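What follows is a short report on a single structure.
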Amino acid sequence: MQLARTDAVPTANVLSSPRGGPTVLRILLGTQLRRLRTEKGISREDAGYEIRASHAKISRLELGQVSFKERDVADLLTLYGVTDPEERESLVALARQANNPGWWHKYSDVLPSWFEVYVGLEEAASIIRSYELQFVPGLLQTEEYARAVVMLGHGDAPGDEIERRVALRMKRQRRLTEPGAPKLWAVVDEAALHRPLGGTGAMRRQIEHLIEMATLPNVTLQIVPFAKGGHAAAGGPFSILRFTGAELPDVVYLEQLASAVYLDKPDETDKYMVVMDRLCVDAAPASETARFLGSIMKNFG
């Protein structure tokens, strides 16, 4: 995963943002440190030697993949020639805040590290666009439906672990109705709406929930009907996260069976943006979503 870029980031704006979660703050601090290092022509090896670490550790710090020690940040700033007290304090303060655990930390027992990155980015995103082929999007699932989805992959897990996984998903959903909620634009293949996960009753309640959620001003839901035939997203489900005020690039998230891929290079993310835009054209208009869902709901009694 590469989420670094070389242009300067307005640190004060990030620190004052209520959505500057630790994942994003680590990435921003790493971006700043990388910029300072490259401007001075200092190698990762030399930077690592300064803080008694390897060049690989410097790489992970600059990509925001690991937490920072305030002492290491201070030593690197000295090496990079940053002497202005205000600039030094702002970056050390960023390191301090980046080390504060996010709310999702208490779910670390059921949250794999590769998905923890996504939850942190989702928390800070201003726009979330997603395409789903097999399931209702996680942010729009009912508790019953979410439990059925979790059971598919963790059917042998103890009951309390299942419930914690479901609770994590429900907690993520609260963001949609909180002040400063992101805009969610989801496109769902009709096939996902005909699979009665959790039983016909649970599926009926799930569809009712989708109809209700689609009325929120920050939620747009479109369905790609069977009648459309083939469409642009032949490769499977994906999400695109966009950010405002944090100077972060768009991030494309591709979930796999036991890992995930994060893309942020423009030549990669632009291709997914084109596919997403085409999906929105191929899908039924959002104005027809409630009627479309109502017709499918009849199949579930």
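Small disclaimer: the values here were computed from a predicted structure and weren't measured.
For residues 170-201, the ring pair (Phe, Tyr, Trp, His ring centres under 6.0 Å) pairs, not counting sequence neighbours, are His194-Phe226. Within the structure, ring pair (Phe, Tyr, Trp, His ring centres under 6.0 Å) contacts touching residues 143-180 (residues at least two apart or in different chains) do not occur. The salt bridge (charged side-chain N to carboxylate O under 4.0 Å, His left out) analysis of residues 87-97, with sequence neighbours excluded, yields the pairs Glu70-Arg96, Glu89-Arg96.
A pairwise comparison of heavy atoms in Ala47 and Leu76 identifies O-CD2, 3.7 Å as the closest pair.
Partners of Asp267 according to the salt bridge (charged side-chain N to carboxylate O under 4.0 Å, His left out) rule, which considers only residues two or more places apart in sequence or in another chain, do not exist here. Among residues two or more places apart in sequence or in another chain, the ring-ring contact (aromatic ring centres under 6.0 Å, His included) test is passed with His105 by none. Remark: Arg52 engages Asp72, Asp75 in a salt bridge (charged side-chain N to carboxylate O under 4.0 Å, His left out) (not counting sequence neighbours). Partners of Arg26 according to the salt bridge (charged side-chain N to carboxylate O under 4.0 Å, His left out) rule, which considers only residues two or more places apart in sequence or in another chain, do not exist here. Residues passing the side chain to side chain donor-acceptor pair (under 3.5 Å) test with Gln256 are Ser259, sequence neighbours excluded.
By the 4.5 Å side-chain criterion applied to Ile, Leu, Val, Met, Phe, Trp and Tyr, Ile162 is assigned to a cluster that also includes Val150, Met151, Val166, Met170. When hydrophobic side chains of Ile, Leu, Val, Met, Phe, Trp and Tyr are connected at separations under 4.5 Å, Tyr49 ends up as a singleton with no cluster partners. Hydrophobic cluster of Leu257: no remaining members, since no ILVMFWY side chain lies below 4.5 Å from it.
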Please set out all donor-acceptor pairs under 3.5 angstrom arising from side-chain atoms of residues 292-301, sequence neighbours excluded.
residue, atom, partner, partner atom, Å
Ser295, OG, Phe292, O, 2.6
Asn299, ND2, Ile296, O, 3.4

